[in-house]
There are 4 protein chains.
Amino acid sequence: MSDNSFGRLLRVTTFGESHGPAIGCVIDGCPPGLALAAEDFRRDLDRRASGRSRHTSQRREADEVEILSGVYQGRTTGTPIALLVRNTDARSKDYDRIADRFRPGHADYTYWQKYGIRDPRGGGRSSARETTMRVAAGVVAKKWLAERYGVRVRGHLAQLGDLVPDGFDWDAVETNPFFWPHAAQVPALEACMDALRKSGDSVGARVTVVAEGVPPGWGEPVYGKLDAELAAALMSINAVKGVEIGAGFASVTQRGSEHRDEMTPAGFLSNHAGGILGGISTGQAIVASIAFKPTSSLRLPGRGVDVHGHAVEVVTTGRHDPCVGIRATPIAEAMVALVLMDQALRHRAQCGDVGEVVPRIPPYPAE
Amino acid sequence: MSDNSFGRLLRVTTFGESHGPAIGCVIDGCPPGLALAAEDFRRDLDRRASGRSRHTSQRREADEVEILSGVYQGRTTGTPIALLVRNTDARSKDYDRIADRFRPGHADYTYWQKYGIRDPRGGGRSSARETTMRVAAGVVAKKWLAERYGVRVRGHLAQLGDLVPDGFDWDAVETNPFFWPHAAQVPALEACMDALRKSGDSVGARVTVVAEGVPPGWGEPVYGKLDAELAAALMSINAVKGVEIGAGFASVTQRGSEHRDEMTPAGFLSNHAGGILGGISTGQAIVASIAFKPTSSLRLPGRGVDVHGHAVEVVTTGRHDPCVGIRATPIAEAMVALVLMDQALRHRAQCGDVGEVVPRIPPYPAE
Amino acid sequence: MSDNSFGRLLRVTTFGESHGPAIGCVIDGCPPGLALAAEDFRRDLDRRASGRSRHTSQRREADEVEILSGVYQGRTTGTPIALLVRNTDARSKDYDRIADRFRPGHADYTYWQKYGIRDPRGGGRSSARETTMRVAAGVVAKKWLAERYGVRVRGHLAQLGDLVPDGFDWDAVETNPFFWPHAAQVPALEACMDALRKSGDSVGARVTVVAEGVPPGWGEPVYGKLDAELAAALMSINAVKGVEIGAGFASVTQRGSEHRDEMTPAGFLSNHAGGILGGISTGQAIVASIAFKPTSSLRLPGRGVDVHGHAVEVVTTGRHDPCVGIRATPIAEAMVALVLMDQALRHRAQCGDVGEVVPRIPPYPAE
Amino acid sequence: MSDNSFGRLLRVTTFGESHGPAIGCVIDGCPPGLALAAEDFRRDLDRRASGRSRHTSQRREADEVEILSGVYQGRTTGTPIALLVRNTDARSKDYDRIADRFRPGHADYTYWQKYGIRDPRGGGRSSARETTMRVAAGVVAKKWLAERYGVRVRGHLAQLGDLVPDGFDWDAVETNPFFWPHAAQVPALEACMDALRKSGDSVGARVTVVAEGVPPGWGEPVYGKLDAELAAALMSINAVKGVEIGAGFASVTQRGSEHRDEMTPAGFLSNHAGGILGGISTGQAIVASIAFKPTSSLRLPGRGVDVHGHAVEVVTTGRHDPCVGIRATPIAEAMVALVLMDQALRHRAQCGDVGEVVPRIPPYPAE
């Protein structure tokens with residue numbers, strides 16, 4: 001049961017290897033009537049793309065999306081939307097030397113153990129190239145959420161190694177290649193990245209995604225809780241090692257009197273919960289943060305093992321990012337958007353007849 | 001699409017409200033031939049139970065499990081195993097005063113917004129009482145994993161507010177009501193809990209679960225990754241706000257040269273990955289940690305809103321834990337075990353014919 | 001992957017063996033606010049029950065339904081509805097003699113081959129007793145469909161061996177123990193049954209279910225087609241060997257000019273399609289027919305094999321029906337209702353915003 | 001919840017419209033190591049193809065399959081296998097005149113009612129062109145079933161209007177464009193088809209599929225029964241109106257003493273059950289038959305309605321088959337193979353440790 005589909009009602013199936021002929025996805029369950037065109041995918045695919053700055057892998061893919069089905073005269077028809085992106089800049093020979101060896105910190109070893117066979121070119125299926133189609137599918141979800149419910153999903157880099165933001169401005173996020181929310185620190189981030197590249201090492205990162213405008217009521221207790229599905233969606237992104245909702249691990253040392261978000265008719269007084277209580281959205285901003293491990297593909301030699309069980313030294317010379325987190329923001333946004341849209345559809349399936357029985361409490365801070 | 005089922009091939013469906021006549025579950029997909037009896041559930045249900053010490057809610061439930069189906073002459077038959085536990089110590093009148101109001105930090109408000117109706121007695125479906133059946137189902141999974149693969153799943157409290165273990169000994173964990181791994185600190189934990197009870201406040205906690213003996217190869221990339229499903233399983237537990245695999249958020253500040261677990265034919269040299277690479281088990285110990293928020297049910301008054309939108313003051317006087325984390329260890333173990341068993345079945349479905357193509361690398365530390 | 005759940009959004013999980021302590025089900029995904037009480041189940045369970053007439057098995061079960069969860073103050077809450085029925089009239093010793101042998105035409109042999117173990121008492125899980133919970137779950141679906149959409153689901157026996165109705169009157173159906181639509185023939189049916197009982201043999205039957213009032217648009221192409229799911233639902237009933245939608249196998253010899261249901265603004269001119277085109281409801285009556293095989297439990301000796309591979313003679317002396325079809329009508333109705341409700345929820349999930357874009361064409365005949 | 005995926009563990013997702021740029025599928029869950037190449041698809045796609053004889057639609061598609069993923073060095077890797085077929089001979093202008101009208105007996109009306117929008121070109125998603133990808137996916141299933149279990153899945157036309165086979169020879173089936181099992185009747189079938197084309201009318205058909213070599217034990221009671229899933233799979237094929245397993249509707253008039261397949265240590269004495277008891281394979285041949293309705297696309301004028309609710313006369317002039325059943329055999333085979341492979345994987349997931357506890361009974365007739 002290889003599991004390359006995501007979602008229950010909005011169901012995304014992705015396929016493709018890093019250096020195969022193409023990657024693609026099928027988006028099933030999208031409501032009919034949504035305006036959709038190939039150019040809608042451009043912005044987020046560019047935001048995710050390699051080669052956007054000198055700080056990321058220099059593989060340059062055009063990432064031209066072809067819509068193969070599900071759209072007629074510019075509108076979705078309710079049938080599956082298939083998207084195709086051809087791979088054009090795959091340099092498979094870069095990987096010849098690692099075909100028979102397991103790099104430390106990579107999926108090489110586990111794919112071999114699971115399947116007894118593995119496409120080693122560029123990481124095959126385990127490559128971050130797969131996330132391209134997450135971002136593409138996320139575009140559809142973001143669009144529908146915005147048009148149907150006024151939901152906005154956006155994210156930013158929240159930590160790079162030891163660097164944390166000294167200030168916060170959503171407007172700054174899209175003005176630098178790091179999705180960093182404080183423009184004045186960008187030179188420091190660039191210096192950090194340059195130093196990493198020089199040393200041949202890598203570093204981890206934290207990314208935060210915020211979804212505003214989500215109405216109360218989305219989420220399916222008890223195993224389809226909104227936070228549970230966000231956790232799965234975000235943890236399924238390559239290199240993610242942790243997920244927090246709202247206060248996250250900071251909750252451990254909080255007192256209940258601090259953590260519980262008090263509420264008045266005028267609004268919630270805080271949002272430690274990150275917009276979710278009992279697995280269901282509160283109407284406050286949904287806030288999720290994730291930890292990215294440092295890339296394992298390093299120029300620094302590391303000890304590994306080959307397929308015959310012999311010790312080998314591994315040095316990576318392909319095109320790799322010293323920090324995978326810095327272009328992960330659009331991927332994380334996409335996963336959040338996909339979960340939200342799926343939950344929106346599920347909610348109206350079961351509770352489509354429930355009106356506004358109790359008054360809504362405005363979110364904190366008032367938006 | 002209320003979602004009260006968990007798992008793909010080992011599929012657990014739970015039902016029941018805190019103060020309804022009963023809670024129960026149906027476990028579907030368990031392989032036939034597993035020895036199973038009502039007394040198998042005793043140990044873990046007792047570990048989870050309220051009333052085990054003065055530090056937890058004083059609700060005392062016998063938690064007698066009745067096996068309704070799926071077992072014949074002491075062995076599972078492959079048909080669904082239904083378990084029933086009658087509720088016996090439900091004091092619903094404790095909750096009368098909160099039936100029309102939303103307590104801060106609770107699911108009261110979100111259930112109302114979602115369903116337009118809510119069983120207020122003891123939290124209804126959102127009560128931690130539901131976790132009883134997770135633990136019960138987890139017993140089956142633990143038993144099968146141990147017998148079939150030699151897998152051991154166990155956990156411990158890893159932080160209580162600001163308190164962290166000063167030492168570590170698995171043997172200590174079951175000797176105190178906190179599942180704390182260092183016996184010498186137990187008096188300090190008791191003092192902390194007593195102080196909380198006196199103050200009417202609560203605090204968060206961290207729980208860590210470790211699964212040893214998992215063979216390499218379990219996990220279904222890319223959306224059924226082992227870590228993604230652990231994240232969902234653990235985040236679905238009441239009051240959990242964060243999930244980490246292996247190094248978790250500490251990865252953010254790590255260098256790649258530190259994080260990537262090097263390997264030699266004699267074994268892995270570290271386990272920052274927490275036993276999972278590319279969503280597939282490495283054969284190392286699976287390590288997951290979770291953050292519990294502080295209980296929101298406090299004697300300290302809090303600002304809330306009633307169903308008519310009016311401001312109210314909420315004071316909780318029912319039986320509640322000042323720290324839900326201290327009896328969450330068996331729940332977390334259960335969720336990990338359920339994910340592992342489900343993945344084991346899925347793995348052999350697709351890859352049952354894959355032999356040991358490449359040599360296994362022993363885990364770190366050698367066990 | 002034992003599969004004891006049915007439906008996608010309205011998800012019913014059943015459990016229980018014929019002679020175990022109880023049978024039951026969990027109904028997940030029911031919209032909140034539906035009035036529901038234990039007595040709602042009485043009528044259909046009685047219609048299905050053994051012991052209703054001398055023509056059916058003389059096992060007499062009270063079939064008292066206990067609602068364990070999901071209902072508060074007489075209304076569904078959106079959480080899982082668990083139903084429990086205790087087995088009270090199980091005479092397991094009747095089955096001792098067949099515990100080690102495979103009866104021809106029964107699931108004995110296949111359960112052994114699949115699971116390597118089997119509860120032989122009363123057929124265990126493969127007993128028609130399991131259908132009790134289908135009927136119970138169907139009650140919820142029928143009620144919701146009727147209240148929310150005005151859909152009526154009802155069925156009748158359409159053939160008993162060689163006997164076919166000489167007339168048709170819905171009002172006659174509930175006045176005889178056969179669900180036969182022509183009262184004048186009831187004595188002939190009774191004579192047929194008496195002759196069968198005397199001979200120790202059995203005979204097959206055909207049952208037809210009609211659902212009126214289904215709006216156009218339900219059904220999920222291409223693999224979740226309404227007719228495909230009806231086919232699975234009906235074929236999953238014990239002893240069913242064939243399913244037809246509308247004209248069914250008669251379509252084979254029809255001409256297209258006859259079969260295609262022409263339409264005018266005043267309405268469809270026929271309903272050979274049985275209310276479904278392209279897997280989606282047309283707004284006409286949904287018509288499905290099923291074939292029941294003759295019971296294999298006969299007093300006439302038959303050749304079988306025992307668990308050691310030796311030839312045995314099998315004579316059934318337990319309580320059995322000479323025609324299982326005669327009390328199958330409520331079971332078939334239930335399965336149709338469950339499919340329809342599930343599809344209704346799925347339809348509004350994806351297409352809840354689609355208004356009446358094109359005019360509805362009235363069904364044939366005008367109702 | 002548009003539902004364009006099929007299967008649980010072997011999961012096939014198809015996409016594409018008749019006159020869109022391409023059709024395709026993603027096959028997820030295929031075990032690794034299966035040899036697979038583009039040419040493997042040729043035979044069955046040719047068998048299904050239009051334009052194979054003068055008796056079928058004259059649309060001529062090359063149906064060149066491109067494997068986009070999941071295969072490395074000629075072997076499946078366990079990652080999703082994506083297949084793409086470009087549409088090349090789509091004459092969309094043929095359909096301009098029907099874009100705003102509902103043809104009787106077609107899905108035009110129901111798609112409009114469901115989605116409020118529809119791609120009218122060639123039937124859009126409801127076109128039989130979608131079955132191309134079923135056949136392609138079925139090739140993978142057939143190959144795996146044959147190599148892993150020695151299962152052979154094959155079918156034949158069993159009735160064309162009033163014509164039934166006068167003799168039976170599997171070797172004859174592939175020697176004529178009708179998949180007819182008796183060569184001497186082929187001229188009569190050709191005459192029948194010629195007469196239909198002349199008259200502008202169409203006729204129905206029956207197709208039978210037989211799967212030999214299926215071991216006992218496949219099938220998941222009670223809602224994932226092998227026969228239930230075959231019923232859904234076959235009913236989901238365009239134009240199918242009925243499904244029978246084994247004796248099917250003939251069971252209605254059979255006596256139990258005739259129907260129940262007696263068994264001796266030397267083998268079963270008949271196969272009225274069609275190889276399935278209690279939803280689980282017996283080890284006998286799986287036999288399923290389906291009814292195809294006569295094509296609704298006729299040159300004979302029919303009464304229809306347009307999108308504004310006005311009466312229209314519909315005459316079809318595009319390229320259509322007078323009997324869709326005559327090239328449906330490979331489609332039906334594919335669906336049976338997909339169900340069987342999926343069930344095989346599910347069976348070994350749950351029951352992979354069950355050995356041969358009881359002796360196998362040879363099928364009838366001995367093969």
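Labels below follow one simple rule: chain letters A, B, ... track the order of the sequence lines, proteins then strands, and each chain is numbered from 1. The shown structure was predicted, so the numbers you read here are calculated from the model rather than taken from an experiment.
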Let me know if [X] has heavy atoms under 4.5 Å from chain D in its side chain, its backbone, both or neither.
X        : answer
C:Ser297 : neither
C:Asp201 : side chain
C:Phe268 : side chain
C:Phe6   : both
C:Ile290 : backbone
C:Lys225 : side chain

*Identify, with sequence neighbours excluded, every residue that meets salt bridge (charged side-chain N to carboxylate O under 4.0 Å, His left out) alongside C:Arg11.*
none

_Side chain D:Glu262, main chain C:Arg303, donor-acceptor under 3.5 Å_ =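 Judged by distance alone, yes, a pair lies under 3.5 Å.
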
_Check C:Asp3 with D:Arg8, please: is the shortest side-chain N to carboxylate O separation under 4.0 Å?_
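Yes, this pair counts.
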
_Between D:Thr253 and C:Asp162, is there a side-chain donor-acceptor contact under 3.5 Å, judged purely by atom types and distance?_
no

*Which one, D:Asp108, D:Leu226, D:Ile280, leads in non-hydrogen pairs under 4.5 Å with chain C?*
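Most pairs with chain C among the choices: D:Ile280.
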
*Contacts of C:His259 that satisfy ring pair (Phe, Tyr, Trp, His ring centres under 6.0 Å) - sequence neighbours left out*: C:His272

